[in-house]
Number of protein chains: 2
Amino acid sequence: MISSPTHVAPKRTRGRPRKTEGERDDGNRRQALIAAAAQLFHRKGYDATSTREIAAQVGMQPGSPFYHFGNKQDLLLAVMVEGMRQAAVRQNAAIATLSAQKTDRDRLRVLIRNQFDVLLGPDSDFIPVMLYEWRSLSAEQRQTITQIKDDYEAVWIPVLQALHDSGQLQAPVGLARLMIFGALNWSVQWYQPPSPKTSAKKNQRATLDDLTEAALALFLRDPA
Amino acid sequence: MISSPTHVAPKRTRGRPRKTEGERDDGNRRQALIAAAAQLFHRKGYDATSTREIAAQVGMQPGSPFYHFGNKQDLLLAVMVEGMRQAAVRQNAAIATLSAQKTDRDRLRVLIRNQFDVLLGPDSDFIPVMLYEWRSLSAEQRQTITQIKDDYEAVWIPVLQALHDSGQLQAPVGLARLMIFGALNWSVQWYQPPSPKTSAKKNQRATLDDLTEAALALFLRDPA
DNA sequence: CCTACCGATCGGTAGG
DNA sequence: CCTACCGATCGGTAGG
(Lines give C-alpha, C1' and ligand atoms only; values in the text may rest on other atoms or scores of the structure.)
Protein backbone atom coordinates (compact mmCIF):
# COMPACT_ATOMS: atom_id res chain seq x y z
CA MET A 1 0.00 0.00 0.00
CA ILE A 2 1.40 3.28 -1.04
CA SER A 3 1.50 5.72 1.76
CA SER A 4 -0.65 8.66 0.97
CA PRO A 5 0.12 12.18 2.18
CA THR A 6 -2.43 11.85 4.88
CA HIS A 7 -0.37 9.16 6.57
CA VAL A 8 2.37 11.57 7.45
CA ALA A 9 0.52 12.47 10.64
CA PRO A 10 1.40 16.12 10.48
CA LYS A 11 1.75 17.76 13.84
CA ARG A 12 -0.05 20.96 13.12
CA THR A 13 0.10 23.27 16.03
CA ARG A 14 -0.30 26.36 13.90
CA GLY A 15 -3.17 27.49 11.76
CA ARG A 16 -6.87 27.09 12.19
CA PRO A 17 -8.25 24.33 14.34
CA ARG A 18 -8.72 21.30 12.13
CA LYS A 19 -9.94 17.81 12.62
CA THR A 20 -7.24 15.18 12.78
CA GLU A 21 -6.66 13.91 9.33
CA GLY A 22 -8.37 10.57 9.55
CA GLU A 23 -11.55 12.00 10.91
CA ARG A 24 -14.59 12.31 8.72
CA ASP A 25 -15.09 16.01 8.31
CA ASP A 26 -18.44 15.92 6.63
CA GLY A 27 -20.85 18.16 8.45
CA ASN A 28 -18.51 18.95 11.25
CA ARG A 29 -17.58 22.48 10.31
CA ARG A 30 -21.13 23.09 9.24
CA GLN A 31 -22.38 22.05 12.66
CA ALA A 32 -19.78 24.26 14.28
CA LEU A 33 -21.06 27.20 12.27
CA ILE A 34 -24.63 26.47 13.28
CA ALA A 35 -23.72 26.27 16.94
CA ALA A 36 -21.70 29.48 16.82
CA ALA A 37 -24.47 31.25 14.96
CA ALA A 38 -27.05 30.08 17.48
CA GLN A 39 -25.02 31.46 20.35
CA LEU A 40 -24.35 34.82 18.70
CA PHE A 41 -27.84 35.23 17.31
CA HIS A 42 -29.18 34.53 20.78
CA ARG A 43 -26.91 36.97 22.52
CA LYS A 44 -26.83 39.83 20.04
CA GLY A 45 -29.65 39.20 17.61
CA TYR A 46 -29.56 38.19 13.97
CA ASP A 47 -29.10 41.60 12.40
CA ALA A 48 -26.50 42.69 14.91
CA THR A 49 -24.37 39.61 14.30
CA SER A 50 -22.04 39.67 11.31
CA THR A 51 -21.12 36.58 9.37
CA ARG A 52 -17.53 37.59 10.09
CA GLU A 53 -18.05 37.16 13.81
CA ILE A 54 -19.52 33.73 13.30
CA ALA A 55 -16.62 32.76 11.07
CA ALA A 56 -14.09 34.05 13.59
CA GLN A 57 -15.70 32.08 16.40
CA VAL A 58 -15.03 28.81 14.59
CA GLY A 59 -11.64 29.89 13.24
CA MET A 60 -12.66 30.55 9.67
CA GLN A 61 -11.94 33.39 7.31
CA PRO A 62 -14.62 36.02 6.68
CA GLY A 63 -15.85 34.56 3.41
CA SER A 64 -15.78 30.91 4.38
CA PRO A 65 -19.24 30.52 5.92
CA PHE A 66 -20.60 31.01 2.40
CA TYR A 67 -18.95 27.79 1.36
CA HIS A 68 -21.38 26.03 3.70
CA PHE A 69 -24.42 28.29 3.42
CA GLY A 70 -25.69 30.21 0.44
CA ASN A 71 -26.36 33.27 2.53
CA LYS A 72 -26.82 34.50 6.05
CA GLN A 73 -30.53 33.79 6.06
CA ASP A 74 -29.97 30.14 5.25
CA LEU A 75 -27.69 29.90 8.25
CA LEU A 76 -30.45 31.35 10.42
CA LEU A 77 -32.88 28.78 9.08
CA ALA A 78 -30.39 26.01 9.84
CA VAL A 79 -30.15 27.18 13.44
CA MET A 80 -33.91 27.04 13.83
CA VAL A 81 -34.30 23.67 12.14
CA GLU A 82 -31.57 22.20 14.32
CA GLY A 83 -33.21 23.66 17.41
CA MET A 84 -36.58 22.22 16.59
CA ARG A 85 -35.04 18.85 15.81
CA GLN A 86 -33.45 18.74 19.25
CA ALA A 87 -36.62 19.97 20.95
CA ALA A 88 -38.74 17.35 19.24
CA VAL A 89 -36.32 14.57 20.12
CA ARG A 90 -36.37 15.61 23.77
CA GLN A 91 -40.11 16.00 23.84
CA ASN A 92 -40.69 12.58 22.32
CA ALA A 93 -38.28 11.02 24.79
CA ALA A 94 -40.00 12.73 27.71
CA ILE A 95 -43.41 11.59 26.58
CA ALA A 96 -42.20 8.05 26.02
CA THR A 97 -41.19 7.67 29.66
CA LEU A 98 -44.75 8.29 30.83
CA SER A 99 -46.51 5.19 32.02
CA ALA A 100 -50.12 4.68 31.11
CA GLN A 101 -51.52 5.34 34.54
CA LYS A 102 -50.16 8.86 34.71
CA THR A 103 -52.73 11.62 34.91
CA ASP A 104 -53.29 14.31 32.31
CA ARG A 105 -51.83 16.73 34.79
CA ASP A 106 -48.65 14.66 34.86
CA ARG A 107 -48.54 14.69 31.10
CA LEU A 108 -48.78 18.46 31.00
CA ARG A 109 -46.11 18.67 33.69
CA VAL A 110 -43.71 16.70 31.51
CA LEU A 111 -44.42 18.86 28.47
CA ILE A 112 -43.99 22.10 30.39
CA ARG A 113 -40.84 20.90 32.11
CA ASN A 114 -39.35 19.90 28.77
CA GLN A 115 -40.26 23.26 27.26
CA PHE A 116 -38.47 25.09 30.09
CA ASP A 117 -35.49 22.85 29.56
CA VAL A 118 -35.42 23.60 25.86
CA LEU A 119 -35.81 27.32 26.53
CA LEU A 120 -33.53 27.74 29.52
CA GLY A 121 -31.46 24.61 30.05
CA PRO A 122 -28.08 23.62 28.59
CA ASP A 123 -27.63 24.22 24.85
CA SER A 124 -30.65 26.46 24.88
CA ASP A 125 -29.55 28.95 22.26
CA PHE A 126 -31.45 27.49 19.34
CA ILE A 127 -35.09 27.76 20.35
CA PRO A 128 -34.89 31.33 21.65
CA VAL A 129 -33.41 32.28 18.29
CA MET A 130 -36.34 30.63 16.59
CA LEU A 131 -38.81 32.43 18.82
CA TYR A 132 -37.31 35.87 18.59
CA GLU A 133 -35.81 36.00 15.08
CA TRP A 134 -38.81 34.68 13.22
CA ARG A 135 -39.18 38.03 11.52
CA SER A 136 -35.84 37.70 9.74
CA LEU A 137 -36.88 34.64 7.76
CA SER A 138 -38.14 34.77 4.21
CA ALA A 139 -41.76 33.82 3.58
CA GLU A 140 -40.70 30.47 2.21
CA GLN A 141 -38.49 29.75 5.18
CA ARG A 142 -41.31 30.62 7.56
CA GLN A 143 -43.43 27.94 6.00
CA THR A 144 -40.73 25.39 6.66
CA ILE A 145 -40.52 26.33 10.31
CA THR A 146 -44.27 26.64 10.74
CA GLN A 147 -44.73 23.05 9.67
CA ILE A 148 -42.08 21.75 12.05
CA LYS A 149 -43.44 23.85 14.89
CA ASP A 150 -47.00 22.72 14.28
CA ASP A 151 -45.88 19.11 14.58
CA TYR A 152 -44.13 19.89 17.82
CA GLU A 153 -47.09 21.69 19.33
CA ALA A 154 -49.60 19.12 18.13
CA VAL A 155 -48.50 16.84 20.96
CA TRP A 156 -49.95 19.34 23.43
CA ILE A 157 -53.44 19.46 21.97
CA PRO A 158 -54.87 16.15 23.21
CA VAL A 159 -53.41 16.74 26.67
CA LEU A 160 -54.98 20.17 26.91
CA GLN A 161 -58.23 18.88 25.47
CA ALA A 162 -58.41 16.13 28.09
CA LEU A 163 -57.76 18.65 30.85
CA HIS A 164 -60.44 20.88 29.43
CA ASP A 165 -62.93 18.02 29.27
CA SER A 166 -62.29 17.16 32.90
CA GLY A 167 -62.72 20.77 33.96
CA GLN A 168 -59.13 21.29 35.07
CA LEU A 169 -58.52 23.71 32.22
CA GLN A 170 -61.30 26.24 31.81
CA ALA A 171 -60.17 28.45 28.94
CA PRO A 172 -60.85 27.46 25.31
CA VAL A 173 -58.17 24.98 24.30
CA GLY A 174 -56.94 26.95 21.30
CA LEU A 175 -56.38 30.22 23.14
CA ALA A 176 -55.17 28.37 26.22
CA ARG A 177 -52.43 26.73 24.19
CA LEU A 178 -51.28 30.06 22.77
CA MET A 179 -51.29 31.75 26.15
CA ILE A 180 -49.53 28.88 27.88
CA PHE A 181 -46.78 28.90 25.27
CA GLY A 182 -46.55 32.63 25.74
CA ALA A 183 -46.15 32.32 29.49
CA LEU A 184 -43.42 29.73 29.02
CA ASN A 185 -41.60 31.29 26.08
CA TRP A 186 -41.49 34.66 27.76
CA SER A 187 -39.35 33.19 30.52
CA VAL A 188 -36.41 33.64 28.16
CA GLN A 189 -36.75 37.35 28.86
CA TRP A 190 -36.52 37.24 32.64
CA TYR A 191 -35.29 33.89 33.93
CA GLN A 192 -31.91 33.74 35.58
CA PRO A 193 -30.79 30.34 36.83
CA PRO A 194 -29.87 30.00 40.50
CA SER A 195 -26.17 30.48 41.01
CA PRO A 196 -24.57 27.27 42.32
CA LYS A 197 -22.29 29.16 44.69
CA THR A 198 -25.00 30.72 46.78
CA SER A 199 -27.18 27.63 46.68
CA ALA A 200 -27.19 27.41 50.45
CA LYS A 201 -28.03 31.05 50.83
CA LYS A 202 -31.44 32.48 51.30
CA ASN A 203 -31.87 34.47 48.09
CA GLN A 204 -32.30 31.43 45.93
CA ARG A 205 -33.68 31.85 42.49
CA ALA A 206 -36.32 29.58 41.07
CA THR A 207 -35.28 26.30 39.47
CA LEU A 208 -36.88 24.93 36.33
CA ASP A 209 -38.87 22.60 38.55
CA ASP A 210 -40.13 25.58 40.51
CA LEU A 211 -41.23 27.23 37.30
CA THR A 212 -42.99 24.08 36.20
CA GLU A 213 -45.00 23.77 39.41
CA ALA A 214 -45.86 27.46 39.35
CA ALA A 215 -47.12 27.11 35.78
CA LEU A 216 -49.29 24.13 36.67
CA ALA A 217 -50.71 25.98 39.66
CA LEU A 218 -51.44 28.96 37.45
CA PHE A 219 -53.17 27.13 34.61
CA LEU A 220 -54.92 24.16 36.21
CA ARG A 221 -57.67 23.72 38.74
CA ASP A 222 -57.95 20.75 41.00
CA PRO A 223 -59.64 17.78 39.33
CA ALA A 224 -63.32 17.61 40.08
CA MET B 1 -48.48 96.01 16.26
CA ILE B 2 -45.94 95.33 13.56
CA SER B 3 -46.83 92.47 11.32
CA SER B 4 -44.27 89.74 11.57
CA PRO B 5 -43.17 87.57 8.63
CA THR B 6 -45.31 84.71 9.87
CA HIS B 7 -48.43 86.68 9.00
CA VAL B 8 -47.81 86.42 5.28
CA ALA B 9 -49.52 83.05 5.21
CA PRO B 10 -47.43 81.59 2.41
CA LYS B 11 -49.20 78.97 0.33
CA ARG B 12 -46.52 76.32 0.13
CA THR B 13 -47.55 73.42 -1.99
CA ARG B 14 -44.01 72.33 -2.76
CA GLY B 15 -41.29 71.06 -0.48
CA ARG B 16 -41.43 68.88 2.59
CA PRO B 17 -44.61 68.74 4.64
CA ARG B 18 -44.47 71.56 7.13
CA LYS B 19 -46.75 72.86 9.80
CA THR B 20 -48.68 75.99 8.90
CA GLU B 21 -46.62 78.93 9.88
CA GLY B 22 -48.51 80.08 12.93
CA GLU B 23 -48.40 76.67 14.53
CA ARG B 24 -46.03 75.98 17.32
CA ASP B 25 -43.49 73.58 15.89
CA ASP B 26 -41.69 72.67 19.06
CA GLY B 27 -41.67 68.95 19.45
CA ASN B 28 -43.81 68.31 16.45
CA ARG B 29 -41.20 66.97 14.09
CA ARG B 30 -39.65 65.14 16.97
CA GLN B 31 -42.92 63.43 17.71
CA ALA B 32 -43.30 62.57 14.04
CA LEU B 33 -39.89 60.91 14.09
CA ILE B 34 -40.79 58.92 17.18
CA ALA B 35 -44.05 57.73 15.64
CA ALA B 36 -42.37 56.77 12.37
CA ALA B 37 -39.58 55.00 14.23
CA ALA B 38 -42.08 53.09 16.34
CA GLN B 39 -43.89 51.84 13.27
CA LEU B 40 -40.74 50.81 11.42
CA PHE B 41 -39.02 49.30 14.45
CA HIS B 42 -42.16 47.29 15.08
CA ARG B 43 -42.48 46.03 11.54
CA LYS B 44 -38.85 45.42 10.63
CA GLY B 45 -36.93 45.52 13.86
CA TYR B 46 -34.46 48.08 15.18
CA ASP B 47 -31.32 46.85 13.45
CA ALA B 48 -33.06 46.28 10.15
CA THR B 49 -34.44 49.81 10.09
CA SER B 50 -32.15 52.58 8.83
CA THR B 51 -32.33 56.11 10.10
CA ARG B 52 -32.71 57.06 6.43
CA GLU B 53 -36.00 55.18 6.19
CA ILE B 54 -37.30 56.92 9.26
CA ALA B 55 -36.28 60.29 7.89
CA ALA B 56 -37.91 59.56 4.53
CA GLN B 57 -41.16 58.57 6.19
CA VAL B 58 -41.52 62.02 7.72
CA GLY B 59 -40.12 63.85 4.70
CA MET B 60 -36.70 64.64 6.07
CA GLN B 61 -33.25 64.34 4.58
CA PRO B 62 -31.03 61.43 5.63
CA GLY B 63 -29.01 63.34 8.17
CA SER B 64 -31.81 65.33 9.72
CA PRO B 65 -32.96 62.93 12.43
CA PHE B 66 -29.65 63.61 14.14
CA TYR B 67 -30.70 67.18 14.66
CA HIS B 68 -33.40 65.84 17.00
CA PHE B 69 -31.61 62.82 18.45
CA GLY B 70 -27.97 62.33 19.25
CA ASN B 71 -27.96 58.87 17.76
CA LYS B 72 -30.17 56.03 16.66
CA GLN B 73 -30.22 54.44 20.11
CA ASP B 74 -31.61 57.60 21.68
CA LEU B 75 -34.44 57.50 19.19
CA LEU B 76 -35.19 53.92 20.23
CA LEU B 77 -35.27 54.97 23.86
CA ALA B 78 -37.65 57.80 23.02
CA VAL B 79 -40.01 55.34 21.35
CA MET B 80 -40.06 53.18 24.45
CA VAL B 81 -40.49 56.05 26.88
CA GLU B 82 -43.36 57.43 24.84
CA GLY B 83 -44.97 54.00 24.71
CA MET B 84 -44.75 53.52 28.45
CA ARG B 85 -46.11 56.99 29.05
CA GLN B 86 -49.19 56.22 26.95
CA ALA B 87 -49.61 52.80 28.55
CA ALA B 88 -49.43 54.24 32.06
CA VAL B 89 -51.93 56.97 31.23
CA ARG B 90 -54.39 54.45 29.88
CA GLN B 91 -53.88 52.08 32.78
CA ASN B 92 -54.44 54.79 35.34
CA ALA B 93 -57.57 55.92 33.55
CA ALA B 94 -58.90 52.38 33.38
CA ILE B 95 -58.28 51.82 37.07
CA ALA B 96 -59.87 55.13 38.00
CA THR B 97 -63.18 54.13 36.48
CA LEU B 98 -63.50 51.17 38.81
CA SER B 99 -66.01 51.66 41.55
CA ALA B 100 -65.20 50.47 45.04
CA GLN B 101 -67.55 47.51 45.06
CA LYS B 102 -65.90 45.83 42.10
CA THR B 103 -64.29 42.49 42.78
CA ASP B 104 -60.61 41.69 42.49
CA ARG B 105 -61.46 39.62 39.46
CA ASP B 106 -62.98 42.75 37.87
CA ARG B 107 -59.83 44.66 38.67
CA LEU B 108 -57.67 42.07 36.97
CA ARG B 109 -60.01 42.05 34.01
CA VAL B 110 -59.52 45.77 33.55
CA LEU B 111 -55.75 45.46 33.77
CA ILE B 112 -55.59 42.58 31.31
CA ARG B 113 -57.97 44.26 28.90
CA ASN B 114 -55.89 47.41 28.97
CA GLN B 115 -52.71 45.44 28.38
CA PHE B 116 -54.21 43.79 25.31
CA ASP B 117 -55.28 47.19 24.09
CA VAL B 118 -51.79 48.59 24.54
CA LEU B 119 -50.28 45.55 22.84
CA LEU B 120 -52.74 45.02 19.99
CA GLY B 121 -55.09 47.98 19.74
CA PRO B 122 -54.74 51.24 17.79
CA ASP B 123 -51.36 52.97 18.00
CA SER B 124 -49.86 49.79 19.37
CA ASP B 125 -46.41 50.05 17.83
CA PHE B 126 -44.62 51.44 20.87
CA ILE B 127 -44.97 48.76 23.50
CA PRO B 128 -44.11 45.85 21.22
CA VAL B 129 -40.94 47.71 20.32
CA MET B 130 -40.16 48.05 24.00
CA LEU B 131 -40.78 44.37 24.60
CA TYR B 132 -38.83 43.03 21.66
CA GLU B 133 -36.00 45.53 21.20
CA TRP B 134 -34.90 45.71 24.81
CA ARG B 135 -31.58 44.12 23.83
CA SER B 136 -30.62 47.06 21.64
CA LEU B 137 -30.56 49.54 24.52
CA SER B 138 -27.43 50.54 26.37
CA ALA B 139 -27.07 49.49 30.00
CA GLU B 140 -27.89 53.00 31.14
CA GLN B 141 -30.97 53.20 28.95
CA ARG B 142 -32.19 49.89 30.29
CA GLN B 143 -32.17 51.29 33.78
CA THR B 144 -34.38 54.14 32.66
CA ILE B 145 -36.92 51.78 31.13
CA THR B 146 -36.75 49.32 33.99
CA GLN B 147 -37.81 51.98 36.44
CA ILE B 148 -40.74 53.09 34.33
CA LYS B 149 -41.81 49.52 33.71
CA ASP B 150 -41.60 48.63 37.38
CA ASP B 151 -43.92 51.49 38.20
CA TYR B 152 -46.37 50.30 35.58
CA GLU B 153 -46.35 46.71 36.77
CA ALA B 154 -46.54 47.64 40.42
CA VAL B 155 -50.23 48.35 39.99
CA TRP B 156 -50.78 44.66 39.33
CA ILE B 157 -49.18 43.38 42.52
CA PRO B 158 -51.91 44.18 45.09
CA VAL B 159 -54.58 42.84 42.74
CA LEU B 160 -52.75 39.57 42.24
CA GLN B 161 -51.96 39.35 45.93
CA ALA B 162 -55.62 39.77 46.85
CA LEU B 163 -56.59 37.07 44.37
CA HIS B 164 -53.94 34.82 45.82
CA ASP B 165 -55.15 35.44 49.37
CA SER B 166 -58.69 34.52 48.40
CA GLY B 167 -57.54 31.35 46.68
CA GLN B 168 -58.52 32.42 43.17
CA LEU B 169 -54.87 32.58 42.12
CA GLN B 170 -52.87 29.59 43.27
CA ALA B 171 -49.39 30.17 41.90
CA PRO B 172 -46.86 32.30 43.82
CA VAL B 173 -47.64 35.93 43.10
CA GLY B 174 -44.17 36.78 41.81
CA LEU B 175 -43.95 34.00 39.25
CA ALA B 176 -47.63 34.34 38.43
CA ARG B 177 -47.11 37.96 37.48
CA LEU B 178 -44.20 37.10 35.19
CA MET B 179 -46.07 34.28 33.51
CA ILE B 180 -49.26 36.28 33.10
CA PHE B 181 -47.35 39.09 31.44
CA GLY B 182 -45.69 36.48 29.26
CA ALA B 183 -49.01 35.04 28.17
CA LEU B 184 -50.31 38.50 27.33
CA ASN B 185 -47.18 39.94 25.75
CA TRP B 186 -46.72 36.92 23.56
CA SER B 187 -50.02 37.68 21.84
CA VAL B 188 -48.09 40.19 19.75
CA GLN B 189 -46.60 37.17 17.99
CA TRP B 190 -49.81 35.49 16.93
CA TYR B 191 -52.84 37.74 17.30
CA GLN B 192 -54.62 38.86 14.18
CA PRO B 193 -57.62 41.11 14.67
CA PRO B 194 -60.97 40.02 13.21
CA SER B 195 -61.48 41.49 9.77
CA PRO B 196 -64.45 43.87 9.77
CA LYS B 197 -65.65 42.67 6.35
CA THR B 198 -66.29 39.10 7.31
CA SER B 199 -67.66 40.02 10.71
CA ALA B 200 -70.92 38.28 9.94
CA LYS B 201 -69.18 35.18 8.70
CA LYS B 202 -68.48 32.13 10.72
CA ASN B 203 -64.69 32.13 10.79
CA GLN B 204 -64.48 34.99 13.23
CA ARG B 205 -61.23 35.65 14.96
CA ALA B 206 -61.05 36.45 18.62
CA THR B 207 -61.62 40.00 19.79
CA LEU B 208 -59.62 41.62 22.55
CA ASP B 209 -62.56 40.97 24.86
CA ASP B 210 -62.42 37.30 23.91
CA LEU B 211 -58.75 37.21 24.77
CA THR B 212 -59.41 38.88 28.09
CA GLU B 213 -62.06 36.38 29.14
CA ALA B 214 -59.90 33.47 28.02
CA ALA B 215 -57.02 34.81 30.08
CA LEU B 216 -59.19 35.16 33.17
CA ALA B 217 -60.51 31.65 32.71
CA LEU B 218 -56.97 30.37 32.33
CA PHE B 219 -55.48 32.06 35.39
CA LEU B 220 -58.27 32.27 37.94
CA ARG B 221 -60.35 29.78 39.84
CA ASP B 222 -63.84 30.46 41.04
CA PRO B 223 -63.93 32.36 44.32
CA ALA B 224 -64.28 30.08 47.31
C1' DC C 1 -11.90 26.32 2.71
C1' DC C 2 -8.45 30.77 1.97
C1' DT C 3 -7.12 35.12 -0.63
C1' DA C 4 -8.40 39.18 -2.25
C1' DC C 5 -11.77 41.97 -3.32
C1' DC C 6 -16.20 44.80 -4.40
C1' DG C 7 -20.48 47.35 -4.33
C1' DA C 8 -23.81 48.87 -1.22
C1' DT C 9 -25.38 50.70 2.85
C1' DC C 10 -25.19 52.71 7.12
C1' DG C 11 -24.67 55.88 11.24
C1' DG C 12 -23.11 60.04 11.87
C1' DT C 13 -20.89 64.91 11.10
C1' DA C 14 -19.34 69.78 9.47
C1' DG C 15 -21.00 73.79 8.05
C1' DG C 16 -24.39 76.61 6.92
C1' DC D 1 -33.35 71.42 9.29
C1' DC D 2 -30.58 70.67 4.32
C1' DT D 3 -26.18 69.79 1.62
C1' DA D 4 -22.48 67.19 1.01
C1' DC D 5 -19.74 64.03 2.66
C1' DC D 6 -16.84 60.27 5.15
C1' DG D 7 -15.09 56.17 7.40
C1' DA D 8 -16.51 51.77 8.67
C1' DT D 9 -18.76 47.65 8.08
C1' DC D 10 -21.20 44.26 5.85
C1' DG D 11 -22.90 40.35 2.86
C1' DG D 12 -21.29 38.11 -0.67
C1' DT D 13 -18.19 36.49 -4.81
C1' DA D 14 -14.31 34.90 -8.16
C1' DG D 15 -10.78 32.04 -8.47
C1' DG D 16 -7.92 28.87 -6.79
Side-chain angles (χ1 to χ4, degrees), chain A residues 5-6 10 12 14-21 23-37 40-41 44-79 133 136-138 141, chain B residues 5-6 10 12 14-21 23-37 40-41 44-79 133 136-138 141:
Chain A
T6 53
R12 16 173 90 260
R14 295 190 317 152
R16 331 248 156 274
R18 297 203 182 155
K19 303 292 97 184
T20 41
E21 304 298 334
E23 225 173 297
R24 201 104 62 237
D25 217 333
D26 301 5
N28 216 329
R29 306 304 292 152
R30 191 172 189 276
Q31 283 300 318
L33 279 171
I34 292 176
L40 288 166
F41 289 164
K44 311 182 39 173
Y46 172 75
D47 285 309
T49 301
S50 69
T51 55
R52 284 165 157 79
E53 292 179 80
I54 298 166
Q57 181 134 323
V58 300
M60 285 183 185
Q61 294 301 314
S64 299
F66 298 100
Y67 169 77
H68 296 278
F69 297 93
N71 52 49
K72 190 184 177 186
Q73 242 182 354
D74 285 349
L75 177 51
L76 175 61
L77 178 65
V79 168
E133 300 294 348
S136 301
L137 293 178
S138 71
Q141 291 176 317
Chain B
T6 53
R12 16 171 90 261
R14 295 189 319 152
R16 332 246 156 275
R18 295 205 181 154
K19 304 292 96 185
T20 41
E21 304 298 333
E23 226 173 297
R24 201 103 63 238
D25 218 332
D26 300 5
N28 217 329
R29 305 304 293 153
R30 192 171 189 275
Q31 283 300 318
L33 280 170
I34 292 176
L40 288 166
F41 289 164
K44 310 181 40 173
Y46 173 75
D47 284 310
T49 301
S50 69
T51 55
R52 285 165 157 79
E53 293 177 80
I54 298 167
Q57 181 135 323
V58 300
M60 284 183 185
Q61 295 301 315
S64 299
F66 298 100
Y67 169 77
H68 296 277
F69 297 93
N71 53 48
K72 190 183 176 185
Q73 241 182 355
D74 285 349
L75 177 51
L76 175 61
L77 178 66
V79 168
E133 300 294 349
S136 300
L137 293 178
S138 72
Q141 291 175 316

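To find a chain, count down the sequence lines: A is the first, B the second, and so on, and within it residues start at 1.
- Phosphate contact (OP1/OP2 of C/dC1, side-chain N/O of A/Gln61, threshold under 4.0 Å): absent.
- Looking at A/Asp47 and B/Tyr46, their side chains never come closer than 4.5 Å, going by heavy atoms from C-beta outward.
- Of the candidates C/dG11, D/dG11, D/dC1, D/dC1 carries the atom nearest the B/Ser64 side chain, counting heavy atoms from C-beta on.
- Rounding to whole angstrom units, CZ of residue B/Phe41 and P of C/dG11 are separated by 9 Å.
- What separates CG of B/Asp74 from P of C/dT13 is a distance of 11 Å, to the nearest Å.
- Distance from the side chain of A/His68 is smallest to C/dC1 among C/dC1, C/dC10, D/dC1.
- Out of D/dT13, C/dC2, D/dC5, the shortest distance to the side chain of A/Phe66 is found at D/dT13.
- Per the geometry, CZ belonging to A/Arg52 stands 15 Å off P belonging to C/dA4, to the nearest Å.
- Toward the 5' end of DNA chain D, the nearer of the two residues A/Gly70 and A/Ala48, judged by each one's closest nucleotide, is A/Ala48.
- Look at B/Ser50 and you won't find any side-chain N or O under 4.0 angstrom from OP1 or OP2 of C/dT9.
- Candidate nucleotides D/dG11, C/dG12, D/dC1 were compared by shortest atom distance to the side chain of B/Asn71, and C/dG12 ranks first.
- With a cut-off of 3.5 Å on both pairing distances, the Watson-Crick or G-U wobble partner of D/dC2 is C/dG15.
- Side-chain contact check for B/His68 versus B/Leu75: every heavy-atom pair is 4.5 Å or farther apart.
- Between A/Gln31 and A/Ile34 the shortest side-chain heavy-atom distance falls below 4.5 Å.
- Residue order along DNA chain C, read from the 5' end via each residue's closest nucleotide, puts A/Tyr67 first among A/Tyr67 and A/Gly63.
- One can place CG of A/Leu76 at 17 Å from P of D/dC10, the figure rounded to the nearest angstrom.
- You'll find that the side chain of A/Met60 is closest to C/dC1, out of C/dC1, D/dG12, D/dC2.
- In this structure, B/Glu53 atom CD and C/dG11 atom C1' are separated by 13 Å, rounded to whole Å.
- Rounded to an integer number of Å, the gap from B/Lys72 NZ to C/dG12 C1' is 12 Å.
- The two residues B/Leu33 and B/Pro65 make their nearest non-hydrogen contact at CD1-CA, 4.1 Å.
- The side-chain heavy atoms of B/Gln73 and B/Leu77, taken from C-beta on, include no pair separated by under 4.5 Å.
- Distance B/Lys44 NZ to C/dC10 P: 8 Å, rounded to the nearest Å.
- The shortest distance between the side-chain N/O atoms of B/Arg29 and the OP1/OP2 oxygens of D/dC1 is below 4.0 Å.
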